[in-house]
Amino acid sequence: MGRQPTLTGRVVLVTGEGDLVATAAGALLARDARVVLAGPGAEVARLAALPGAPVLALPCGRDDLTAPGRAVDTVVERFGRLDHLVNLVAAGSRPGPLMELDPLALRGVLHGGLVTPLACIQRAYWRWMAAHGGSVVNVVVDAARGGPRDAALAGLTELTEWLAAELAPRVDVHTLVPSPSLGAGEYRAGAVEVLCDLLTRRANPAQGPVLVLSEYPACPSRAA
């Protein structure tokens, strides 16, 4: 069996919140990455206190559009590089029919699912990756589906396709989404496995930038 690829010396910024943050951070630390977390203050403070905590934890308000840029700037200034950006994208809305949704509520869903990841990717690219290369992985953290969530997911899929084309070959861009057939626990475990694979070696171009995780052990496939 070959040696497990590592991320020794690489700096990874992980944005978002929820159970997947700690799992992803632990897996990246196990591969010798220098991990920085950016998310709601209470969440990152809790994670920073855990054994094997990340090197740096940065509080970021959910609705503060300047926060992603500040986080990127802090990482580059502190470590002198930013090799990988991981956006853990929350659905941010209860599933349900679109016809029963307050249209203004969709703004919050799109903010968390599209606007914030794009702002962070833009800053990471112009501040470091345009000159030095790197990779971006967006991970949809919730396996639940529904009208508002699927609308945001469709937008994230298109955003990923465009960014992957715009930033290639300097920066790899991927989004990992759950298949409706996969349970939440299986998806979380598989998503972290695929995330680490994407960061430790270049993905198969035939898979495309949007990967659907439909089996566990992890077996991502190209989005239709």
Non-hydrogen atoms of Thr15 and Cys120 that approach each other most closely = CG2-SG, 3.8 Å
Only one of Val140, Leu13, Ile121 clears side chain to side chain contact (heavy atoms under 4.5 Å, CB included) with Asn87; which?
-> Ile121
Salt bridge (Lys or Arg N to Asp or Glu O under 4.0 Å) partners for Arg78, two or more places apart | none
What pair of heavy atoms forms the shortest contact from Ser214 to Ser181, and how long is it?
-> O-OG, 3.9 Å
Distance col, row Leu167:CG vs Gln122:CD, nearest 0.5 angstrom, shows 9.5 Å
Contacts of His132 meeting side chain to side chain donor-acceptor pair (under 3.5 Å) (sequence neighbours excluded), chain-then-number -> none
From CG (Asp172) to CG (Leu199), nearest 0.5 Å | 10.0 Å
So salt bridge (Lys or Arg N to Asp or Glu O under 4.0 Å) across residues 108-134, not counting sequence neighbours, yields Asp73-Arg123, Asp73-Arg127, Glu77-Arg127
With a 4.5 Å limit on heavy-atom distance, are the side chains of Val36 and Leu82 in contact?
-> no
For Thr116, what residues pass the side chain to side chain contact (heavy atoms under 4.5 Å, CB included) criterion, not counting sequence neighbours?
-> Pro68, His111
Consider only side-chain N and O atoms of Arg70 and Thr74, and report whether a donor and an acceptor are under 3.5 Å apart.
-> no
Ala124 versus Leu85, closest heavy-atom pair with distance = CB-CD2, 4.1 Å
CG-OG distance between Leu211 and Ser179, expressed to the nearest 0.5 angstrom | 13.0 Å
For the residue pair Pro117 and Gly113, what are the closest heavy atoms and their distance?
-> CG-O, 3.8 Å
Is Val137 close to His84 at the side-chain level, that is, under 4.5 Å between some pair of heavy atoms?
-> no
Do Val194 and Leu213 come close enough that some side-chain heavy atom pair is under 4.5 Å?
-> yes
Only pairs at least two apart or in different chains count here, so list each salt bridge (Lys or Arg N to Asp or Glu O under 4.0 Å) that has a residue in residues 176-185.
-> none
With sequence neighbours left out, what residues match Asp32 under salt bridge (Lys or Arg N to Asp or Glu O under 4.0 Å)?
-> none
Mind checking whether Trp162 and Leu153 sit in one hydrophobic cluster, side chains of I, L, V, M, F, W, Y counted as touching below 4.5 Å?
-> no
Sequence neighbours left out, what passes side chain to side chain donor-acceptor pair (under 3.5 Å) with Arg81? Give chain and number order.
-> Asp83
Step by step, work out the side chain to side chain contact (heavy atoms under 4.5 Å, CB included) result for Leu195 and Leu176.
-> CA-CA 8 Å; Leu195 167 65; Leu176 181 63; 5.6 Å; no
How about Val139 and Val89: do any of their side-chain heavy atoms sit closer than 4.5 Å?
-> no
Indicate yes or no: at least one non-hydrogen side-chain atom of Pro209 is less than 4.5 angstrom from one of Val173.
-> no
Sequence-distant partners of Thr175, side chain to side chain donor-acceptor pair (under 3.5 Å), two or more places apart | Asn138, Thr160
Is the closest side-chain heavy-atom distance between Val136 and Leu163 below 4.5 Å?
-> no
Mind checking what makes side chain to side chain donor-acceptor pair (under 3.5 Å) contact with Arg188, not counting sequence neighbours?
-> none
Closest non-hydrogen atom pair between Phe79 and Val11, with its separation = CB-CG2, 3.8 Å
Who passes side chain to side chain contact (heavy atoms under 4.5 Å, CB included) against Val14, sequence neighbours left out?
-> Val12, Leu28, Val35, Leu37, Val86, Leu88
